[in-house]
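All remarks here apply to the structure that follows.
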Amino acid sequence: MVVQYSARCASKSGKLEPNHFGDVMSQRETSCMLPAVFKDPVQRIMLMANGNLQRVLSAYYNLPVSIEVVFNEPETPHVLKEPALPVRYNRSINLVCNRTIVCSAQSTVDLLTRKAADLVINNGVGIGQLFRYLNILPTFALLEAHLSESDASFSRLYELRCDDVACVITEEFPDGMLDPDFCKHPPGWRPVDALR
């Protein structure tokens, strides 16, 4: 099942609030409603996480969650110190808790300004740390949310954007990951087959 949804949050007065990390500093009341098919409250929290999913998962499992980079490559290899803009990276990572994959993410990251490109290409700043390094709160838009019809897996497509960087990210959550004991398995167990 595919649900298309644009995450725009409204305050009690009905005024649209910022849709970025700073929304936690906004009005006293915020409403970010997902369609009723998303019945599990933890699932709704994960679908609406706006750049802080690793921290949310760590709090949920009460265990450390790390990033395992599968690949992080420029779409076109850099032969110049100042390549043409935008510079696109293709990236794939896993969020791992107790040697168990709890989320798999694939993204395209467009470096839109010379400043962003220079930080990544010439200064070694990681793509995943770019917003924090630039001290920028990107906007967040949930573009799609998917529920599997065969098991309890789900996924989302969303965008993080600022003047310097634009990321389109697909995250896949495996069947069973909503179980608080999902990561408490024998060492070495990885539900790779559960990821699509």
Side-chain angles (χ1 to χ4, degrees), residues 1-5 7 9 19-21 23-24 32-73 89-109 126-133 137-161 165-196:
M1 170 181 291
V2 177
V3 176
Q4 291 194 334
Y5 175 79
C9 300
N19 57 345
H20 53 64
F21 303 143
D23 61 4
V24 297
C32 294
M33 305 288 289
L34 283 164
V37 297
F38 297 101
K39 296 179 182 354
D40 188 297
V42 175
Q43 185 181 58
R44 291 192 303 266
I45 289 169
M46 291 179 194
L47 288 170
M48 295 303 293
N50 58 0
N52 61 349
L53 181 63
Q54 183 179 4
R55 181 173 36 240
V56 168
L57 289 169
S58 179
Y60 181 66
Y61 295 120
N62 201 29
L63 292 166
V65 173
S66 59
I67 296 173
E68 172 186 87
V69 177
V70 178
F71 64 83
N72 182 35
E73 300 168 354
Y89 275 78
N90 295 309
R91 179 173 167 86
S92 177
I93 63 112
N94 293 320
L95 293 178
V96 179
C97 180
N98 198 23
R99 302 198 314 189
T100 302
I101 297 171
V102 294
C103 178
S104 175
Q106 296 75 42
S107 58
T108 58
V109 179
I127 295 285
Q129 290 72 44
L130 201 52
F131 290 117
R132 191 174 311 143
Y133 193 90
L137 300 175
T139 60
F140 167 83
L142 179 63
L143 305 174
E144 293 179 8
H146 301 257
L147 291 172
S148 172
E149 294 179 9
S150 61
D151 59 25
S153 64
F154 60 102
S155 64
R156 69 177 180 160
L157 172 69
Y158 66 99
E159 180 183 61
L160 296 175
R161 176 179 284 277
V165 184
C167 305
V168 177
I169 303 162
T170 300
E171 290 174 342
E172 298 171 335
F173 301 87
D175 182 29
M177 66 83 57
L178 292 175
D179 179 346
D181 294 327
F182 184 68
C183 299
K184 295 178 182 167
H185 295 286
W189 183 83
R190 291 171 60 122
V192 175
D193 294 336
L195 297 173
R196 300 188 210 310

Exercise. Cys97 and Leu57: side chain to side chain contact (heavy atoms under 4.5 Å, CB included), yes or no, with the steps?
Worked result: CA-CA 9 Å; Cys97 180; Leu57 289 169; over 6 Å; no
Exercise. Who are the salt bridge (charged side-chain N to carboxylate O under 4.0 Å, His left out) partners of Arg161, not counting sequence neighbours?
Worked result: Glu159
Exercise. Residues in side chain to side chain contact (heavy atoms under 4.5 Å, CB included) with Ser58, at least two apart?
Worked result: Val65
Exercise. Who passes side chain to side chain contact (heavy atoms under 4.5 Å, CB included) against Ser92, sequence neighbours left out?
Worked result: Val70, Phe71, Gln106
For this session: Taking the side chain as every heavy atom from C-beta outward, state whether Ser148 and Asp175 have any pair of such atoms under 4.5 Å apart.
Result: no
Problem set entry | Polar side-chain atom of Ser107 near backbone of Val109 as donor-acceptor pair, under 3.5 Å | no
Exercise. Quick one: are Cys183 and Val102 in side-chain contact, heavy atoms under 4.5 Å?
Worked result: yes
Show me the donor-acceptor pairs within less than 3.5 Å that the side chains of residues 32-47 make with the rest of the protein, sequence neighbours left out.
from	atom 1	to	atom 2	distance (Å)
Asp40	OD1	Val42	N	2.8
Asp40	OD1	Gln43	N	3.1
Arg44	NH1	Phe38	O	2.8
Arg44	NH1	Lys39	O	3.0

Exercise. Would you say Asn94's side chain and Ser104's backbone share a donor-acceptor pair under 3.5 angstrom?
Worked result: no
Problem set entry | Close side-chain approach of Met177 to Tyr61, heavy-atom, < 4.5 Å | yes
For this session: Applying ring pair (Phe, Tyr, Trp, His ring centres under 6.0 Å), name anything that partners Phe154, two or more places apart in sequence or on another chain.
Result: Phe173
Exercise. Could you give the distance from OG (Ser153) to NE2 (His146), rounded to the nearest 0.5 Å?
Worked result: 11.0 Å
For this session: Carefully, step by step, assess Leu95 and Ile67 under the rule side chain to side chain contact (heavy atoms under 4.5 Å, CB included).
Result: CA-CA 5 Å; Leu95 293 178; Ile67 296 173; 3.7 Å; yes
Exercise. Do Leu157 and Ile169 have side chains that get closer than 4.5 Å, going by heavy atoms?
Worked result: no
Problem set entry | Between Thr100 and Asn98: side-chain donor-acceptor atoms closer than 3.5 Å | no
